[in-house]
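Working notes for the structure below.
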Amino acid sequence: MEECQQEAQFGNFHVDIVTGSAYWSKEIYRIFQCEAESFTPNETTTNQYIHPDDRTRVIELRRDMLDSNSMSYNVIYRIVLAEGKNKYLREHCHILRDINGIATLVKGIVQDITEFYYLSNKLDQASDKLSVTYNAVTEGIWEYNLETKILLTSPKFWDILGINETNVNSVYDWIIMIHKNDRSAVIKCFSNLRNGDVTSIDVEFRLQSGSNDKICRWFNCKGNIIESSSSHHYNRVVGILIDITDTVMAEQQLTLAKTVYDNTSECIVITDKDNNIISVNKAFEKVTGYCHDDVIGKNPRILASGYHDLAFYQKMWRSLETQGTWQGQLHNRRSDGVIYPEEMTINKIEDDHNVINYVGVFHDISSRKKTEKKLKLLANNDTLTGLMNRRRFIEKVEKYIDQINDVSADNSPASVCSLLFIDLDDFKIFNDLYGHDFGDKVLQKVATILRETVCEHSVICRYGGDEYAVLIKEQDINYAQGIANQLVNIISQPIKCNDIDINLTISIGISSYPESGTTHQALLKNADYAMYEQKWLGRNGVCVYDQQLQHEYISKLKLRDKLKSAINTKKIKVYYQPIVDNKTGRVCKFEALARWYDDQEGFICPGIFIPIAERYGLIGMLGQLVFEKACADLDRIHRSGFTDVVFSINHSVKEFSQHNQEYIFETINNYNLPYSAIMIEITESTALDDGKNIIDILSAFRSRGIAISLDDFGTGYSSLAAIIDIKPDLIKIDRSFVVDIEHSKESQMLVSLVIDLSRKLKIEVVAEGVETQAQLDILSEMSCYYIQGFYYSPAVTIDDAITILKERNQNMVLDVQ
């Protein structure tokens, strides 16, 4: 055995993992050039022999194999002998494991493969030279043994295919890569070779590109039988592989171009350098009525209609000669004599600066010309009302203002004009109640009224939606106001539409030249602003743009910017006015009220900045700031021991429509407040103005336990409807009734009725604005015990609110801050 191992240059060993003992055969000692008497093999001593560049790799491999479930491993590495000589070793081991899978014994062999390695290295060098030769050939070279099914290739073969050689392990792998439409042809070629039917092949095919069968490369494969056995059974085929994708694509492009030429809807005519027709397509024949044989060899002037003069054609040819192209519209004559318009492009084709062809492409635009006439009419008028549309109206205003300015520049008497901007108030209600068809008829009725009312030389426009605009030429502001007031009066009268009498109102803004501006942009903008100012003032009226309005406008814009900054920097404060249970004298609720003190303007009334916030889209930010601050302060009150106190927080109608209300639940949860400690306070017209959307939101609040308070009750136009729709938990009697309650029997009666109605509906009642003992006594006699007003306290800071709680709610615990 030792002689056999010495001849083969390998030795065997085993390592007992449990005891750490190791055994080497004599051949291993000879390989490592060490003596058995002086060298004890173990992990430390043997690892020292491993070449430093291989040591970590081998050690980690051995450990990984022992720690895994592997039963064997194979590794090649170098060792460094005492004299510095390197040897290449191959180590092959089997791992024995106990019933728990723990490695207990490693048995293996170590073979000296140094001579084999150097021989392999020389072979690799020779192979590299052969590869260089193969790579110098542009085609891929291949050889296939039909019996053994072994394929030999040059490296270029795989580069041409663009695939990884390791991905092809069988004939099936080859077949599956070939495009499904070419697969049978390739299989048939090789079957004919195998059967001896042919001695060569020449086949084109595509290789599939992933899952997309529309992206493929084309190849040409050629091969010949070069050797056969004595029984004439062919078994070796040698051939080349060529990528012909570019050639195939070029052929396909030519075919495609021919197909497009024959089938395009564009008419194409090609002439030679002398402008004689050499080719036309089918579209040309269809449009002109001339067949191919009628026009070949003739000049395109056979199509001339006589519509264009000589100068037209001279200009065309000048463009062709100087720029190489001409594009434009012309009129030609069909074979039946009918003249038609066409749009044509002619290009000059040159080869080495010599003209070889002219190519004309054109299409019949008869239908387009007819459509353009219709579109021009539609482009300038509103299809619903027949009035001028917005775009055309602006052009008219701009043109007229320019004319006035030109006259003024010539020192002629200055002209004047006025512009009305008209908006239907609450037009959305008619669409919601009766549908858009009904709304369209209302818009048509208003258009008719405008035509019948304004002077004949005015320009009337439907500006968009439910907005109209009127340019009154050569008339001053006084005349325009008279027309505007007349329109307000006429439209405010009942209008019958589909047998339904409707009551419309309009808001009109007026600007005039030159008082409101000297450009069409200024007149339109200022009339629009004046109209919105009238909306602000209460609708159903006329507002004239002037310097005072401009000053107020600028002031509101400045106040808007200040308010936005105050919200962002959290300078808006929240004060709290107590609501007292008059029977016990205890505070049961506070109403949270926004307060703003500006460093320059001083204290700004909520009646001023709240409408500003609503108008300019800041109400959502303001409402969220107040709500978050109120919840933080309520948390402080609850932590001070007054856990039964409720905060009533106001909500604007604009907050519901412009701002996501989810922050309310998130804020309450962040401070761990009970939902029952929050009451959302709205005015009675809020839900009725905005419809079902707010009712749904209030229902979502109520489902969480948040109470709903109805403020300013009795001032709206449908108080009972508000109670039915909103289903409030509490209503507040407006201060306007409380202030007169001592002297007005009507106020006393109304308050008494509200209290009786609320008691029957099990709704709490709060009287607002109570300031005197007499008012308090009357309300107490009517059994209204929840009181809010200056009689008890104005709105105060959170610190003062806690002080009031300590004074009035004596049984509550002291502040634990």
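Quick caveat: nothing in here was measured; it's all calculated off a predicted structure.
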Exercise. More than 12 non-hydrogen atoms from neighbouring residues, nucleotides or ligands closer than 6.0 Å to CD on E115, yes or no?
Worked result: no
Problem set entry | Interatomic spacing from CD1 in I175 to CZ in F190 - rounded to 0.5 Å | 10.0 Å
Exercise. Would you find a donor on one side and an acceptor on the other, under 3.5 Å apart, between the side chain of D633 and the backbone of I798?
Worked result: no
Exercise. Which residues pass the ring-ring contact (aromatic ring centres under 6.0 Å, His included) test with F116, sequence neighbours left out?
Worked result: none
For this session: Kindly say whether L66 contributes a backbone atom to a donor-acceptor pair with the side chain of R97 at under 3.5 angstrom?
Result: yes
Problem set entry | Salt bridge flag under 4.0 Å for residues E143 and R236 | yes
Exercise. Looking at CZ of F32 and CG of D112, how far apart are the two atoms once the value is rounded to the nearest 0.5 Å?
Worked result: 10.0 Å
Exercise. Going from CG on L96 to CD1 on I102, what distance comes out if it is rounded to the nearest 0.5 angstrom?
Worked result: 13.5 Å
For this session: Verify the distance criterion only: is there a donor paired with an acceptor across the side chains of T45 and N42 at less than 3.5 Å?
Result: yes
Exercise. Is a salt bridge present between R62 and E91, judged by a nitrogen-to-oxygen distance below 4.0 Å?
Worked result: yes
Exercise. Do we see a donor-acceptor contact under 3.5 Å between the side chains of Y675 and N669?
Worked result: yes
Exercise. Closest approach of Q252 and W218, non-hydrogen atoms and distance?
Worked result: NE2-NE1, 4.0 Å
For this session: Please confirm whether the backbone N or O of S565 pairs with a side-chain atom of T569, one donor and one acceptor, at under 3.5 Å?
Result: yes
Problem set entry | Pair D635 + R639: basic N to acidic O under 4.0 Å | yes
For this session: May I have the step-by-step check of side-chain hydrogen bond (donor to acceptor under 3.5 Å, both in side chains) for T797 and D799, ending in yes or no?
Result: CA-CA 5 Å; T797 65; D799 292 332; 5.1 Å; no
Problem set entry | Partner set under side-chain contact (heavy atoms from CB on, under 4.5 Å) for E60, not counting sequence neighbours | T56
For this session: Would you check, one step at a time, whether the test ring pair (Phe, Tyr, Trp, His ring centres under 6.0 Å) holds for F13 with W24?
Result: CA-CA 5 Å; F13 72 92; W24 279 10; 7.8 Å; no
Exercise. Do R217 and L207 come close enough that some side-chain heavy atom pair is under 4.5 Å?
Worked result: no
Exercise. Looking only at atom types and distance, does a side-chain atom of T114 sit under 3.5 Å from a main-chain N or O of Y88, one as donor and one as acceptor?
Worked result: yes
Exercise. What is the ring orientation for Y663 with H651, classed by angle as parallel under 30°, tilted 30 to 60°, or perpendicular over 60°?
Worked result: parallel
Exercise. Below 4.5 Å, heavy atoms only, C-beta onward: do I178 and W174 meet side chain to side chain?
Worked result: no
Exercise. Under 4.5 Å between any side-chain heavy atoms of I187 and S184, yes or no?
Worked result: no
Problem set entry | Salt-bridge present (K107, D16; N to O < 4.0 Å) | no
For this session: State, yes or no, whether a side-chain contact exists between I113 and L89 at a heavy-atom distance under 4.5 Å.
Result: no
Problem set entry | Check: C221 and W142 side chains under 4.5 Å, non-hydrogen atoms | yes
Problem set entry | Exercise: identify the closest heavy-atom pair between P52 and V80 | CD-CG2, 4.4 Å
Problem set entry | Heavy atoms of other groups near K562 NZ, more than 12 under 6.0 Å | yes
Exercise. With H92, which residues qualify under side-chain contact (heavy atoms from CB on, under 4.5 Å), at least two apart?
Worked result: N74, R90, H94, I109
For this session: Could you tell me whether the side chain of N145 and the main chain of I150 form a donor-acceptor pair under 3.5 Å?
Result: no
Problem set entry | Sequence-distant partners of Y671, ring-ring contact (aromatic ring centres under 6.0 Å, His included), two or more places apart | none
Seminar exercise, completed: The side-chain contact (heavy atoms from CB on, under 4.5 Å) partners of K149 (sequence neighbours excluded) come to Y144, R194
Exercise. Do the non-hydrogen side-chain atoms of Y576 and V645 ever get within less than 4.5 Å of each other?
Worked result: no
Problem set entry | Heavy-atom check, side chain of H179 versus side chain of C216, under 4.5 Å | yes
For this session: Return yes if some donor-acceptor pair links the side-chain N/O of T264 with the main-chain N/O of E266 below 3.5 Å, else return no.
Result: yes
For this session: Decide side-chain hydrogen bond (donor to acceptor under 3.5 Å, both in side chains) for T153 and W158; before the verdict, give the C-alpha distance in whole Å, the side-chain angles of both, and the deciding distance to 0.1 Å.
Result: CA-CA 8 Å; T153 66; W158 300 102; 2.6 Å; yes
For this session: Keeping the roles fixed (side chain from S68, backbone from M65), state whether a donor-acceptor pair exists under 3.5 Å.
Result: yes
Problem set entry | Non-hydrogen side-chain atoms of N12 and Y23 separated by less than 4.5 Å | yes
For this session: Look at the side chain of D243 and the backbone N and O of T245, then say whether any donor-acceptor pair between them is shorter than 3.5 Å.
Result: yes
Seminar exercise, completed: Contacts of D54 meeting salt bridge (charged side-chain N to carboxylate O under 4.0 Å, His left out) (sequence neighbours excluded), chain-then-number -> R57, R78
Problem set entry | Neighbour count above 12 (heavy atom, 6.0 Å) for N69 CG | no
